[in-house]
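Working notes, structure below.
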Amino acid sequence: MSNYLDELNDIQRQAVTTLEGPVMVIAGPGSGKTRVLSYRIAHLIQSGVAPWQILTLTFTNKAAREMKERISTLIGSHAMRVWAGTFHSIFARILRSEADKIGYPNDFSIYDSTDSKNLIKQIVKDLNLDKNNYNPNAVLSRISQSKSNLVTPKVYAQTEAYTDYDKMSKRPMLHVIYQRYVNRCQKAGAMDFDDLLMLMYRLLAENKDGVRAKYQQAFRYLLVDEFQDTNFLQYEILKLLVNYEDSANNFCIVGDDAQSIYSFRGATIKNILQFQKDYPTVQVFKLEQNYRSTHHIVEAANEVITKNKRQIPKKIWTESGDGERIRIIRALNDTEEARRVADSIVEMKNRSHFANIDIAILYRTNAQSRIFEEFLRRYNLPYRVFGGLSFYQRKEVKDVLAYLRLTVNPNDDEALKRVINYPKRGIGATTISKIVALANDNDVSIWDAIPYFKATKRTQSLLDNFVEKIKQFTIKSKKDTPYRTAEYIVKQSGVLSDLRKDNTIEGLSRIENIESLLSGVQLFEENDELMAGEEIVEKNLAGYLQNIALITDQDEDKEEKDYVSLMSVHAAKGLEYKSIFVVGMEENLFPSYMSVSDPDQLEEERRLFYVAITRAEQILTLTYATSRYQYGQMRFNDPSRFLEEIGVQHFDKPMEIRSKGISSFSEPKVLGKLGTLKPKKEYIALVDPASFKPSAPHLIKQGMYILHKKFGKGHVESIEGSDHNKVATIHFAQIDNPSRKIMLKFAKLQILDDE
DNA sequence: GGGGGCTATGGGGGG
DNA sequence: CATAGCCCCC
């Protein structure tokens, strides 16, 4: 354990051992950034810092999870107790207990962007504005930008730069919409994604009851990964956490300006430059040795990125040998592109003995995934699609979630509007818009306005029935488990019987989705295993809703681990594969047609391409089609300009790969999309549920033999943590990965006395 | 007020 | 191509 520092190169070691004061690590792709971050945290803990005094903000929950696992391997499971997660999930967790200090309920709802857009549409309608000028996407992005720059509606209305711009864009009333939007969200007890940051800022800035000092003292060491993708507001929050009297400024940022790919949501590499000004004593470490890819790939990446004007000088290099040249596939159309990629995968598996899991297909837009799925399915190659329309965005799932949200927070206007007449109960558009108007006029939520609404006797009783139903749900949720509440709601709301009317395949799959959702609730409720990177929240409906609202990735599928990965280039950030296909290398696709006319956006597309090719360890294949179906039409695009930016010496000769055809007629092995919760798993019961009697958690002691409902017989190897947060490491001999960490607070373990 | 069918419109990346 | 919104009829 003491020699873990020997596993680092000189610069990495310095970055890991410089614990005090501001530190900046500029890390090229594949330069061991995750290793540095996790070793640094391990080193902090070894030097006597308590795990919970360390706050690590990562870009995805997956990154947090992997990091914690790595630290655990280095120094033991107490590492699991560092605070690590995304900005949004960590702040939501804090706001869950502090929101009342800034005028929001602690049980606040989280509006996703669809909710936000629906609210904007509503406001535009209320104000009798032209919906063509007031496009919800445009309005939302303006509001989002304002929040991300800490511009309140009031300041917005008074700042000519903003209002003039809006007049020019034919949206002079934008400041009014912004104000109303904020009011409606607050009345609904709801926060949108930007609010999670903005209100966290306000919480710290307003400092009610000294709350700021509480978190400043709690987080003695601050680490931020992917700092190039933070926005102004995120940096401002971090500064509030770290800047105070006698602060040691233990603030470590890790990033790479060349991999900044989120400026569309306000990220700015200015933060990296500003950091050096704000913390003049900063110690900078530049990691340039690439341990991931072979020479041709590394050099191609360097050549591409030098076409960008603005960047911190840096050149990645490798000692891992020349490796293979970059392959290129030119296809006549999108179908042929997909077929040849699938052919190539089969070939690669035979010749290089790659497993499916070593291979990823990266595309610019999620819409491109479908055709690749088709061919992978035909070729019997298991695959998994990451991102895209996730499980939680499907209509039937959102409907049930809306009922759950309403149960927790009846003021949630967007949830209410979604289900007040679904399933159909005779409360039509006219009635709803009258109630909405009443709510607006009196500045209350729709829920609060309903009792004051005067309607015909018939409508009145329909409304009463609806209100009564929701109240019942809330009562149920207070005295029963989340799973049983959700099950009750699915049945009593009428959603299930409505779906049962539809006997088509789609209809049946919708019911399956609802069942999956329910087993997801059950899983949440029963899960007593401490998973790295997972938020520990209360095991109630509100906790469940928070968990899924901010989901970025899904648990590993434990049944089938060998699959080809399909994802957008954005989603691939931070990942690596032996073999990478970057597909759709065409003008107007990659780079996107939205970006080709703006030099800054074009540079971002180039960084995106840089990220894409540096994911590859051994084999990089770039593909393009001369024609493809886009938006229902056949389009002809030129090959991407980015292809010409790589020197010819790095390319293989274009090679023809013969089609292998369909390899078998057996049922294709297809894994669910990421985001698809598996239907209820019928795992082999290791324990007879009838005779299972869990013991009181405080009786569990080290050395005992116990029974776990899901994992079977186990031996308690150690118990760590303070009174209320004890975590036991238990060895379960009957399962794969036998060593599990169980949170005793939630555990259902039966003590065995016969051993 | 509900529901079916048609037309018009937009179409990126993600927490 | 997918979906939202509209019109028309019940």
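Fair warning: this is a prediction, and the values are worked out from it, not measured in the lab. Residue numbers start from 1 in every chain, and the chains themselves are labelled A, B, ... in the order their sequence lines are given, proteins ahead of strands.
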Exercise. Touch check for A/N132, heavy atoms < 4.0 angstrom, all strands: base, sugar-phosphate only, or nothing?
Worked result: nothing
Checking B/dG11, B/dG14, B/dG15 against the side chain of A/S113 (C-beta onward), the nearest is B/dG15
If pairing means Watson-Crick or G-U wobble with both distances under 3.5 Å, then the partner of B/dG13 is none
Worksheet item: Are A/F264 and the base of B/dG13 stacked, counting only ring centres nearer than 5.5 Å and planes tilted under 30°?
Response: yes
Of B/dG3, B/dG13, B/dG15, the nucleotide closest to the side chain of A/T86 is B/dG15
Counting the atoms with a prime plus P, OP1 and OP2 as sugar-phosphate, which does A/I427 contact under 4.0 Å by heavy atoms, base, sugar-phosphate, or nothing? sugar-phosphate
Kindly indicate whether a cation-pi arrangement holds for A/K307 with A/F609, taking the cut-offs as under 6.0 Å to the six-membered ring centre and within 45° of the axis. no
(message) Quick test of your reading of the model: are A/E226 and A/K33 salt-bridged, counting only N-O distances below 4.0 Å?
(response) yes
Among B/dG15, C/dA2, B/dG12, the one nearest any side-chain atom of A/R370 is C/dA2
Next item on the list: Report the relative orientation of the aromatic rings in A/F264 and A/Y262; use parallel for angles under 30°, tilted for 30 to 60°, perpendicular for over 60°.
Entry: tilted
Next item on the list: Assign the ring pair A/F524 / A/Y544 to parallel, tilted or perpendicular, where the plane angle (0 to 90°) is split at 30° and 60°.
Entry: perpendicular
Report task. Establish whether the base of B/dG12 is bridged to the side chain of A/S595 by a donor-acceptor pair shorter than 3.5 Å. Result -> yes
- Task: Establish whether the base of B/dG12 is bridged to the side chain of A/E605 by a donor-acceptor pair shorter than 3.5 Å.
- Result: yes
